Amino acid sequence: MFAWWCFVEKNDFLAWLRSIEVKWQEKWREARAFEPRVEPDKPKYFITVPYPYTNAPLHIGHGRTYTIGDIVARYKRLRGYNVLFPMAFHITGTPIIAISERIARGEEKIINRYKGYVSVYVKDPVEVEKIIESFKDPLKLATFFAERVHLDFDALGYSIDWRRKFHTGEPVYNAFVTWQFLRLKEKGLITQGDHIVTYCLLHKQPEGEDDIQDADVNPVEILEFTAIKFKLVDEENTYLVAATLRPETLFGATNLWVNPEADYVLVKWRGEKIIISKEALVKLQHQHPDDEFKVLKEFKGRELLGKKCISPLGRELYVLPAKFVDPDNATGVVYSEPSDAPYDYAALMELKRNPEQLREYGLDPSIVKDIEPIKIIEVPGVEGHHAAVVVEQMGITSQYDPRLVEATKTAYREQYYRGKMIVDDPEFKGLSVSEAKEKIKKKLISMNMAFIFYELNRKAFCRAGGKIIAAKIKGQWYIDYSVPWWKEKTREYVEKELKIIPVKYKKAMLDAIDWLEKRPCARKRGLGTRLPFDPEWIIESLSDSTIYMAFYTIIHIIRKNNIKAEQLKPEVFDYVFHGKGDPKKISAETKIPVEVLEEMRKEFTYWYPVDQRHTGIAHISNHLSFFVFHHVALFPPEHWPRMISLNEMVIREGVKMSKSKGNVILLRDIAEKYSADLFRLYAAGAANLDTILDWREKEVEMVIDNLRKFKVLAEKALRAECKETCGERFIDKWFMSRFNKIIEEATNALDNMEIRDYVQNAFYQVLSIIDHYRERTSPEEALCMVKRILDKWIKLLNPVIPHLTEEIWSWMNGEGFLSLNEWPVAKKEEINEEVEALENMVERLVDDIKNVLNVLSPKPTKAVIIVASPWKYEVVKLVEQGKSIKEIIQSIRDKHGLKGREKEIIDTIQQYKKAPLKEALKVNPTNEYNVLVEAKNYIEKKTGLEITIMWEEEARTQKVPRAEKAHPLKPGIYLH
RNA sequence: GCGGGGGUGCCCGAGCCUGGUCAAAGGGGUCGGGCUCAGGACCCGAUGGCGUAGGCCUGCGUGGGUUCAAAUCCCACCCCCCGCACCA
């Protein structure tokens, strides 16, 4: 019953939190609190987080990133910066279109998924149906989710300037991207060429992951086979083409395999006749779209059996049957290398065991007798033929055994990384397998004995069932990130100037920049902007999102003045971003008033560059690299981005969130079931930026309790009746010292993007010093202390829990929005190292007493605490000054009349050297005595002993044992 | 493979860059206590081992090394995670 009651109480609190969150969000919106104007005298801070792709609701993983962005925005605002934190929506690319088409096609699975997504926001099922229906228009789908995500962001309290929102399908945005691509082209950064892609035979167009069945879970890769030509002995200019991923094994080829039941073709191509499978021909044609292929003959594989071929190395090989050969994989012909390839070994052995099989095909069984594996690769630790070893170890006897896949994997891996070629050919002898592979491939191709054949790593079909193959498309447009001046400039900037947090990702960023080469930047499908110089193509989604932060600075002006896309000619952007051209002339051409042009220019030059871009680590090798690259290409150095900050992803209860697992927590759930401040506090405080955040319900519950504790504390503190002259005891000073230090630490943490540290300090540490203070004093006094610091405390917490602190600020009758107030400054004069040292001493003392109490029996009931004689403090100081033992003894003895007690001086020195309590240097002995007197009740409470406090000299005269064990900041204790 | 990150106490997780004050923060869990309530709120304590005086021993993936001193620096090994492209 109580459990139930508590549960309700917790939910009530959350409901209350949500209610004040909505209230403050409305107030901020009404007051346009986060819509900054250009204020030339005020320092600006321009922070951006990448706009979301709006094909589905966002989840807490996204929320983590945006929340961190907002915390920084709010912090900088409190620090007196004019902060611009804008947001827009990304709809460019194929996924939205793909979804739209699948809905239109009536695909049950996707419709249900989207019904689920829509019902997150729309409760009425009839309405949901209507909306799903509207999704047949991709733009409707995109804008639906864009609008919802906007609401979700508001519900999390993000301090976004929404006047500047747009989506990437808008004509005005297209005009901006058009400008960008024209200028990139002029700079020679855009090239055209051939490209191998996944291609759909049904739709006769390239189709990527979004269009291929299960490609999201089981990715489709394009593999590069080496297709090697084996000349048929009895035929003129005719080759059997065997494809392999391991051309170096050609040295050990013993025969060729074809599938007797499969269809093969004899094709005239490039003046030669080649034999490949029927399926392979289609692929080859698509990989050489300009070539002519003439099919001379079609026949079954069995017709090839028993024929002899000559390998490029000159060896004569028989063509033999093997049913494991898949005609729909590469050329449908393979050569056999039974020494290293488990499949080949298994098939060969099977054939040797059942030579009658050969008779079926009219072959003489004796031909297999002579075929033996040829060892060409030596792998340390492997005796004999590697394939034989593996196959026999696993007890595989048939070429159909599925374990051969695994066997192949292990054998190949070992060969590839550890294997050495032991062939006779001096050119290859001794090479590692990986070296030999590349070398022979090149050689064979240059000899015209081989060509590259592209094949997929698995069978793949488009969502409509069309077969996917690897094909070459011509005239693909690229952005060429390998252009030397561009790469060098970008690299240098990133290396020397760009700040990257956490720093450990700088290397990753530099590597990505080095590694980037040509990247296809347009496709024939999808939403987005057309390439201005080749409008058949649509600019691909990552390429149109590299410098759009510049667009934030002017979009609201474009809207305010109702400027149309047609007016946004490239010259407009040249002027706004570069000050190039004559505004009057541009105005005349575009009908955009000169003042508006100038306003845009002013806005851009005020806000640019981007001071900070914050996003997920996953973006380093693509978006973030492009972001820097494009700025370097299109803007002068003073407008290049200043800082990139990154955070890791979010998982839930130790496992990745995914649609299929159904364990995704959406941002909408935060707004409806949890609370914005709760999420913010948790997301920011539970893990460092570079650590994966594990959302654990149990811990979230704890955070709820802590938030509630905070709220109750504030409430009670404000109601508390306190004397103005709140005490100046040691413990009060201690509290203020700690609190001021926390302000300093929290500030430092935020300045260094150590968000978790900030939360730990500003929230948890403060709660913990309040607890300690309460224990040392009383609940009432603790409340008064909270009252004293409350306004600073809520300011400190405002960036992370803006709603609750805003609410408390209103209870305090604070003026204006707390969110627009000032960041608290630590009072240096209240930081008191001596007092902190003394409090540490008290804590240590309590620990020590308990420790001793632990060992003693029978249990004592009283304790004497003995404060070291003041001369011992002097000893400590002299030791620190580096005085010799002799000197110290002399001066202390003379000064304090300790003749005959030199041994004690030495003990003191030794004790200090053994365990130097440097804090003792900051402490006045009288204060040590006094603080103990002040803490007497506390110590009694903690230890359950009756406490007496004495100076060492007094204890000595009273013959209290162990009195001489008192040392500075380590009082002697005697329990009895 | 190439490139990057990481392995810490029952669990999660800080610390490691800038060696000592680290048996190692903070959570969680467990056990015990308090709160005029047989409370999954809150507060306090215990939670590697040993110990009749505040101490000792073991310990931060494994094995070596540097050092007066190593979770922290160096080397080797084992294991885990991520990216490798045209996909947002």
Side-chain angles (χ1 to χ4, degrees), chain A residues 1-7 9-10 13 50 52-55 90-96 195 197-198 206 208-210 215-216 219 221 413 416-417 434 476 478-479 502-505 507-512 514-523 526 540-543 545 617-623 625 648-649 654 685-688 690-692 694 696 698-699 701-706 708-709 712-713 756-757 760 764-765 768 771-772 774-775 779 844-845 847-858 860 915-919 941-942 961-962 965 970-975:
Chain A
M1 207 170 82
F2 276 110
W4 177 78
W5 175 246
C6 266
F7 188 61
E9 212 173 275
K10 203 172 251 179
F13 172 66
Y53 188 71
T54 58
N55 66 334
H90 196 204
I91 71 165
T92 310
T94 50
I96 287 176
H195 188 48
V197 295
T198 46
E209 189 180 296
D210 306 314
D216 44 341
E221 290 171 60
R413 192 176 24 205
Y416 190 81
Y417 300 131
S434 52
Q476 170 69 51
Y478 295 90
I479 294 177
V503 281
K504 69 178 178 189
Y505 296 114
K507 174 101 173 69
M509 182 97 198
L510 287 169
D511 287 348
D514 288 341
W515 161 84
L516 275 166
E517 286 177 26
K518 285 183 188 155
R519 179 192 165 87
C521 65
R523 355 172 70 201
E540 168 274 336
S541 58
L542 286 185
S543 302
S545 303
I617 285 161
H619 291 134
I620 291 175
S621 64
N622 42 59
H623 169 257
S625 296
E648 265 288 2
M649 58 191 299
N688 284 335
D690 59 353
T691 305
I692 292 173
D694 190 1
R696 272 180 274 168
K698 189 98 202 166
E699 284 177 18
E701 295 282 319
M702 297 307 296
V703 177
I704 299 176
D705 291 335
N706 284 322
R708 178 160 59 163
K709 185 172 150 193
V712 170
L713 213 48
R756 177 177 188 269
D757 264 17
Q760 289 295 328
Y764 296 101
Q765 278 297 334
S768 127
D771 281 343
H772 186 244
R774 179 189 302 114
E775 247 206 300
R844 269 197 311 270
L845 179 66
D847 272 356
D848 282 348
I849 292 175
K850 280 197 275 199
N851 198 345
V852 173
L853 214 42
N854 221 324
V855 235
L856 290 184
S857 73
L917 270 168
K918 300 220 163 143
E919 287 186 328
K941 186 169 77 184
K942 292 294 242 190
R962 315 181 58 79
K965 297 237 175 200
K970 192 170 171 59
I973 47 183
Y974 172 64
L975 310 194

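Here is how names work: the chains are called A, B, and so on, in the same order as the sequence lines, proteins then strands, and each is numbered from 1. The structure presented is a predicted model; accordingly, all values stated were derived computationally and were not measured.
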In the 5'-to-3' direction, what one-character label does each nucleotide of nucleotides 47-56 of chain B receive under the scheme B = base within less than 4.0 Å of a protein heavy atom, S = sugar-phosphate only, - = no such atom?
----BBBBS-
Do the side-chain N or O atoms of Lys942(A) get closer than 4.0 angstrom to the phosphate oxygens (OP1, OP2) of G45(B)?
yes
Looking for any heavy atom pair under 4.0 Å, which part of the strands does Gln476(A) touch: base, sugar-phosphate only, or nothing?
nothing
Could you run down nucleotides 2-10 of chain B 5' to 3' and tag each one B, S or - for protein heavy-atom contact under 4.0 Å?
-SSSS----
Restricting to side chain to side chain donor-acceptor pair (under 3.5 Å), what partner residues turn up for Glu775(A), sequence neighbours left out?
Lys942(A)
Map Asp694(A) and Ala618(A) onto RNA chain B by nearest heavy atom, then report which one ends up closer to the 5' terminus.
Asp694(A)
Using a 3.5 Å limit for the pairing distances, which stems of at least 3 consecutive Watson-Crick or G-U wobble pairs does RNA chain B take part in?
B:1-7 with B:78-84, B:10-12 with B:26-28, B:29-34 with B:42-47, B:48-50 with B:55-57, B:61-65 with B:73-77
In terms of the nearest nucleotide of RNA chain B, which residue is placed more toward the 5' end: Thr92(A) or Arg774(A)?
Arg774(A)
Checking Tyr478(A) now: which residues fulfil ring-ring contact (aromatic ring centres under 6.0 Å, His included) with it, not counting sequence neighbours?
His195(A)
Does Arg844(A) come within less than 4.0 Å of Asp848(A), counting only side-chain N to carboxylate O?
no
So what does Ser543(A) touch, heavy atoms closer than 4.0 Å: a base, only the sugar-phosphate, or nothing?
nothing
Summarise how protein sits on nucleotides 23-33 of chain B as a single string, 5' to 3': B when a protein heavy atom is under 4.0 Å from the base, S for sugar-phosphate-only contact, - for no contact.
--B--SS----
